[in-house]
Amino acid sequence: MAIRRPSRDELAEIVLTKSVRRHSTGTVLLHHAVADRLGLGPTDHKCLDLLQERPMSGSELAALTGLTTGAITGVVARLERAGYLHREPDPWDGRRQILSAVPERLRDVAEVLQPIRGEMAALLDEFDADQLVSLAKFLNRASELA
């Protein structure tokens with residue numbers, strides 16, 4: 001007896017209801033563990049991730065995360081105290097400060113992530129170039145939606 005292959009709609013539903021949810025949960029738990037290893041809270045760790053992409057003001061960080069400016073003040077203070085962040089006056093507006101990740105401390109983050117990064121690299125070896133393009137497209141668009 002032949003096994004029926006699920007339809008495209010059935011496969012999409014499996015991805016949406018099981019795969020994406022499970023990936024999201026695994027990612028959250030991973031980053032909680034990484035934050036703990038770094039002596040940070042999960043929100044602090046993910047804000048540091050955003051600052052790693054580019055320097056920005058506290059109000060920009062608040063807008064990106066949906067956190068209040070008061071909550072961002074606490075995040076910034078904790079990251080600065082832990083040595084992961086420094087502040088500089090905005091050259092265009094002296095009332096604002098520009099927040100930047102400290103590159104030397106980002107090596108600590110990379111070190112903690114290195115084992116899982118190696119395992120992920122090995123996993124990606126199972127996919128051809130076209131599949132990797134599709135994975136990247138999905139992840140980038142899903143991140144934008146989130």
Side-chain angles (χ1 to χ4, degrees), residues 6 8-146:
R8 190 224 171 267
D9 289 345
E10 289 169 328
L11 290 169
E13 187 63 21
I14 290 168
V15 168
L16 287 174
T17 60
K18 293 183 181 175
S19 301
V20 170
R21 187 184 74 240
R22 189 163 185 215
H23 178 266
S24 173
T25 300
T27 300
V28 167
L29 294 174
L30 168 69
H31 287 286
H32 272 264
V34 168
D36 190 55
R37 288 270 313 270
L38 296 169
L40 300 172
T43 300
D44 301 345
H45 169 52
K46 297 322 297 175
C47 285
L48 179 61
D49 257 1
L50 292 170
L51 291 169
Q52 184 175 344
E53 292 178 15
R54 69 176 174 84
M56 65 185 80
S57 70
S59 58
E60 289 173 295
L61 187 57
L64 275 174
T65 61
L67 296 171
T68 66
T69 53
I72 290 296
T73 298
V75 167
V76 168
R78 288 188 298 274
L79 287 173
E80 188 174 42
R81 212 172 23 254
Y84 288 101
L85 173 143
H86 69 269
R87 310 176 205 212
E88 298 175 357
D90 185 330
W92 310 109
D93 181 351
R95 298 167 296 172
R96 288 179 7 143
Q97 293 183 327
I98 300 299
L99 311 172
S100 301
V102 174
E104 298 80 23
R105 292 305 308 267
L106 293 177
R107 288 188 207 113
D108 297 341
V109 178
E111 188 177 302
V112 170
L113 287 168
Q114 187 53 43
I116 190 78
R117 185 176 166 81
E119 291 177 29
M120 289 286 196
L123 176 61
L124 290 176
D125 284 342
E126 298 177 20
F127 298 91
D128 66 30
D130 289 337
Q131 290 171 317
L132 291 175
V133 168
S134 295
L135 281 169
K137 182 178 178 180
F138 173 80
L139 290 171
N140 288 332
R141 286 192 177 169
S143 296
E144 289 170 8
L145 287 172

Novice: Would you indicate whether E111, at its atom CD, is surrounded by more than 12 heavy atoms from other residues, nucleotides or ligands within a distance under 6.0 Å?
Specialist: no
Novice: Report the distance from atom CG of L113 to atom CD1 of I116, rounding to the nearest 0.5 Å.
Specialist: 8.5 Å
Novice: Does the side-chain contact (heavy atoms from CB on, under 4.5 Å) test come out yes or no for V34 and L40, once each step is laid out?
Specialist: CA-CA 8 Å; V34 168; L40 300 172; over 6 Å; no
Novice: Without swapping roles, check the side chain of R87 against the backbone of E80 for a donor-acceptor pair under 3.5 Å.
Specialist: no
Novice: Less than 4.5 Å apart, any side-chain heavy atom of T27 and any of H31?
Specialist: yes
Novice: Measure the CG-NE2 distance between D49 and H45 for me, rounded to the nearest 0.5 Å.
Specialist: 5.0 Å
Novice: As an exercise, state the distance from CZ of R78 to OG1 of T73, rounded to the nearest 0.5 Å.
Specialist: 10.0 Å
Novice: About how many Å separate NZ of K46 and OG1 of T65, when rounded to the nearest 0.5 Å?
Specialist: 13.0 Å
Novice: Report all side-chain donor-acceptor pairs from residues 118-128 shorter than 3.5 Å, counting only partners two or more places apart or in another chain.
Specialist:
residue : atom : partner : partner atom : Å
D128    : OD1  : D130    : N            : 3.0
D128    : OD1  : Q131    : N            : 2.8

Novice: What is the distance from atom CG of L79 to atom CG of L99, rounded to the nearest 0.5 Å?
Specialist: 9.0 Å
Novice: Could you check whether any side-chain N or O of T25 sits under 3.5 Å from a backbone N or O of R21, counting only pairs where one atom can act as donor and the other as acceptor?
Specialist: yes
Novice: Under a 4.5 Å cut-off applied to non-hydrogen side-chain atoms, are W92 and I98 in contact?
Specialist: no
Novice: Check step by step if side-chain contact (heavy atoms from CB on, under 4.5 Å) holds for Y84 and V109.
Specialist: CA-CA 10 Å; Y84 288 101; V109 178; 4.1 Å; yes
Novice: State which residues pass side-chain hydrogen bond (donor to acceptor under 3.5 Å, both in side chains) with S59; sequence neighbours excluded, sorted by chain then number.
Specialist: S57
